[in-house]
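The next block holds one structure in the form of structure tokens; read it before the comments.
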Amino acid sequence: MAFRLLLALAALAASAAAADLDWWQTAVYYQIYPRSFKDSDGDGVGDLNGITSKLEHLKDAGVTATWLSPIFKSPMADFGYDIADFYNIDPLFGSNEDFFALKARADELGLKVLLDFVPNHSSNESEWFTKSIQRIDPYTDYYVWEDGVPNADDPSKRDPPNNWISNFGGSAWAWNEERGQFFLHQFGLGQPDLNYRSPALVEEMKNVLRFWLDRGIDGFRVDAVPFLFENATLADEPRSYDPSALPTDEKYLKHIYTQNLPETMDMLTQWRAVLDEYTAKDGETRVMLAEVYAPLLTTFEYFGTQEKPGAHLPFNFQFIQYLTNSSSAQDLVDLALQWQNGIPSWATSNWVVGNHDNHRAASRYGRELVDGLNMLVLLLPGVAVTYNGEEIGMEDAFISWSQSVDPMGLNAGPDRYQLFSRDPERTPFQWDDSKNAGFSDADTTWLPVNSDYKALNLKSEEGVAHSHYTTYQHLTTARKLPAVQRGALDIQALGDVVAFSRTLEGEQTVVVLVNWGADSLTVDASVLAGAQGELTVLIPSDNASYAEGDVVEASSIKMGPKDGLVLTSA
Ligand code: NOJ
Ligand code: MG
């Protein structure tokens, strides 16, 4: 009954802890990929009313905030990351009113709602782009237009101004016949880059923020932050000499002129100032999460300074970028410490293992590590981010070439699509074992449901002792313990075991052990701060050697392969 006891303690502690930490610092952010969460109208694509109907699941899981991947008007060339109208919801997902209803339901449940702000580009079907092509002010300079250079063989033709490569492969420049110029697209052809050297555009995008803030949202996840500005000299980028990169791959070049420019850092502080105006009005923090895949020191710059803050939380992609299935426990610990010791002393930490752009954690590291990974994400200091499905251990689906829809995969062609496609991690949420895993009544869904859904679904895990989901629920509850909210971190690799403790003066110590290796072992956890003597098992993973409530000697704890354990001091 240790867990019951914990619940009572946690409830007591929560109010005390809330006194000095703001909502965004203790949150569990749950990313919903709207196309794949729940389809309410039977067209095979998830929608807002579907999400609203399932918000109780978030509450039940113990998450406290959600960010929705883009739901705005879009031709869906990049599944919503190509926005044609930043002020309106796409009819595929519902109406603006449906969104307000979703928000109202979230409010009732005490869940914060964040939207995805996609500032780097719009859709080529945006009215802004049409007017920019026609040089109608103020839209003329809303995009990055260039004349290019005369073609060496045929001077009547023009070549792109430089060698820049799009993230989706091939030249980042495309010719527009009507305007007689090239436009820049750092992502797909249908995603022309917006021009942050245009003051009118800068103001427009701030108005987009204000528009949704005025409608009560709690913050934004900001997309593709590093790409906002490009070097104005348009110089060629140098080769990366990455042996795996073809000349048309984004990895072929070092992005010294197209990513992470000082102007980009500054724009983030300007957006933060917009958010802070709202925060100042009613004391409710509007939060900014920033998507940055960059070298660590560059990522840290996006926190800004205390005087001029940037994002509250640049995502911690350390595990996503560098932790592989051949990494050791020590590698994992090193990655965690690089992040934890590197962030500004005043900053709040965060932990992420998955999203809609990366293969699912359960598939990258193995399904046996699902609980262990959730223990790390949810019990390390700061906030946790969960990609929908991680709470039940969802895995990548196999998507054949003919089933593929992701432009990143399609652009790579049938032989290389699997290296790039993000379809496998985007398949519908597995609610139960009925048709389409309870996601939709449609005969076909936009991406197929993973064939493992009959066994792997929320319903089969609900109320079941030691299922991934029950473990997840216990972990979100355990987050309320004072040592988890505010305690110091001591993290070490003890052989194959990722081991850490969270200690706080006068409070129970929380110890987390994850056997990252393939062998059974006995670990001495007493080397961790605050972990001496007897410990009580609070949350064992699926097939752990101990049951909840077992008392063990810290110096000799048995673990099976990939086991995870959460323990507390007496
Ligand atoms: C990052 C998003 O997460 C990804 O899905 C998208 O393709 C690019 N940015 C472009 O918006
Ligand atoms: Mg639908």
Side-chain angles (χ1 to χ4, degrees), residues 7 10-11 14-15 17-18 21-38 40 46-72 89 93-94 96-117 212-222 275 278-279 282-289 312-313 315 348 350-352 354-356 374 377-378 382-392 429 431 458 462 469 472-480 484-485:
L7 284 178
S15 51
L21 288 172
D22 199 356
W23 72 264
W24 63 273
Q25 299 174 291
T26 57
V28 180
Y29 297 88
Y30 183 86
Q31 180 193 353
I32 291 182
Y33 193 69
R35 295 181 67 89
S36 289
F37 201 57
K38 174 71 186 172
S40 73
D47 45 56
L48 294 183
N49 289 339
I51 295 172
T52 306
S53 74
K54 291 293 190 183
L55 280 179
E56 267 171 49
H57 166 59
L58 276 61
K59 191 76 190 161
D60 186 63
V63 311
T64 59
T66 180
W67 67 273
L68 309 180
S69 280
I71 51 178
F72 312 102
I89 306 292
F93 293 126
N96 286 19
E97 281 61 41
D98 292 333
F99 175 69
F100 305 142
L102 183 159
K103 175 73 176 87
R105 180 72 186 123
D107 284 344
E108 278 169 19
L109 293 167
L111 296 164
K112 305 285 185 186
V113 177
L114 280 60
L115 289 175
D116 210 319
F117 179 50
W212 293 106
L213 288 166
D214 285 339
R215 282 152 187 80
I217 66 143
D218 302 295
F220 298 93
R221 174 266 189 187
V222 186
L275 266 62
Y278 285 79
T279 302
D282 58 12
E284 280 290 317
T285 304
R286 310 313 197 273
V287 71
M288 194 199 302
L289 278 52
H312 294 81
L313 303 163
F315 285 117
T348 296
N350 75 87
W351 305 92
V352 189
N355 57 39
H356 65 296
N374 283 333
V377 169
L378 288 154
V383 308
V385 182
T386 294
Y387 175 48
N388 57 199
E390 282 174 0
E391 74 278 31
I392 58 169
F429 192 93
W431 295 102
L458 176 65
E462 255 167 347
Y469 185 61
Y472 186 92
Q473 288 177 306
H474 287 182
L475 290 169
T476 54
T477 304
R479 279 178 68 76
K480 297 185 180 132
V484 177
Q485 293 217 333

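Checked against the 6.0 Å centroid threshold, Phe99 and Trp212 count as a close aromatic pair.
Between the side chain of His312 and the backbone N or O of Val287, no donor-acceptor pair lies under 3.5 Å. Side chain of Arg221 to backbone of Ser69: no donor-acceptor contact under 3.5 angstrom is found. The main-chain N or O of Trp24 is found under 3.5 Å from a side-chain atom of Tyr29 such that the two form a donor-acceptor pair. Looking at Asn374, its side chain never comes within 3.5 Å of a backbone N or O of Tyr472 through a donor-acceptor pair. With Thr64 contributing its side chain and Leu111 its backbone, the two residues share no donor-acceptor pair below 3.5 Å. Judged by distance alone, with hydrogens and angles left aside, the side-chain atoms of Asn388 form a donor-acceptor pair with the main-chain N or O of Tyr33 at under 3.5 Å. The main-chain N or O of Gln473 is found under 3.5 Å from a side-chain atom of Thr476 such that the two form a donor-acceptor pair. No donor-acceptor pair under 3.5 Å is formed between the side chain of Asp22 and the backbone N or O of Gln25. With Lys38 contributing its side chain and Gly46 its backbone, the two residues share no donor-acceptor pair below 3.5 Å. No donor-acceptor distance shorter than 3.5 angstrom exists from the side chain of Thr66 to the backbone of Gln31, with no hydrogens or angles considered.
Across all their heavy atoms, Ile217 and Gly219 have their closest contact at CD1-O, 3.1 Å. Gly94 and Ile89 get closest at one heavy-atom pair: O-CG2, 3.6 Å. Closest of all the heavy-atom pairs between Asp47 and Ser40 is OD1-OG, 2.8 Å. Taking every heavy atom of both residues into account, Val222 and Met288 meet most closely at CG2-CG, 3.6 Å. When all heavy atoms of Arg479 and Ala384 are compared, the closest pair comes out as NH1-CB, 3.8 Å. In terms of heavy-atom proximity, Leu55 sits nearest to Ala106 at CD1-N, 3.7 Å.
To the nearest 0.5 angstrom, Leu475 atom CG is 5.5 Å from Leu378 atom CG. Put simply, CZ on Arg286 and CG on Leu213 are 6.5 Å apart, with the number rounded to the nearest 0.5 Å. One finds the CG atom of Leu102 at 6.0 Å from the CG atom of Leu48 (value rounded to the nearest 0.5 Å). Note: Asn49 CG to Lys54 NZ = 13.5 Å, rounded to the nearest 0.5 Å.
The pair Asp218-Lys103 meets the salt-bridge criterion, with a side-chain N (NZ, NE, NH1 or NH2) lying under 4.0 Å from an Asp/Glu carboxylate O. In summary, Glu108 and Arg105 engage in a salt bridge, as defined by a charged side-chain N under 4.0 Å from a carboxylate O.
Side-chain contact between Asn355 and Phe315: absent, with no pair of heavy atoms (C-beta onward) separated by less than 4.5 Å. Under the 4.5 Å side-chain criterion, counting only non-hydrogen atoms from C-beta, Glu462 is in contact with Asp60. Side-chain contact between Val28 and Val383 is absent, with no heavy atoms from C-beta onward closer than 4.5 Å.
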Would you sort out whether Tyr278 and Asp214 count as a side chain to side chain contact (heavy atoms under 4.5 Å, CB included), showing the intermediate values? CA-CA 9 Å; Tyr278 285 79; Asp214 285 339; 2.7 Å; yes

One pair to check against side chain to side chain contact (heavy atoms under 4.5 Å, CB included): Phe93 and Asp98. What are the steps and the verdict? CA-CA 9 Å; Phe93 293 126; Asp98 292 333; over 6 Å; no

Where do Asp116 and Leu68 land on the side chain to side chain contact (heavy atoms under 4.5 Å, CB included) test, with the steps shown first? CA-CA 6 Å; Asp116 210 319; Leu68 309 180; over 6 Å; no

Could you walk me through whether Val385 and Val377 pass the side chain to side chain contact (heavy atoms under 4.5 Å, CB included) check? CA-CA 7 Å; Val385 182; Val377 169; 5.7 Å; no

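Judged by the 6.0 Å distance and 45° axis criteria, Lys112 is positioned over the aromatic ring of Trp23.
Ring-plane geometry between His356 and Trp67 is classed as perpendicular, the angle between the planes exceeding 60 degrees on a 0 to 90 degree scale with a lower cut at 30. The aromatic rings of Tyr30 and His57 sit perpendicular to each other, their planes meeting at more than 60°, with 30° as the lower class boundary. In this pair, Phe429 and Trp431 present their aromatic rings tilted. The plane angle is within the 30 to 60° band.
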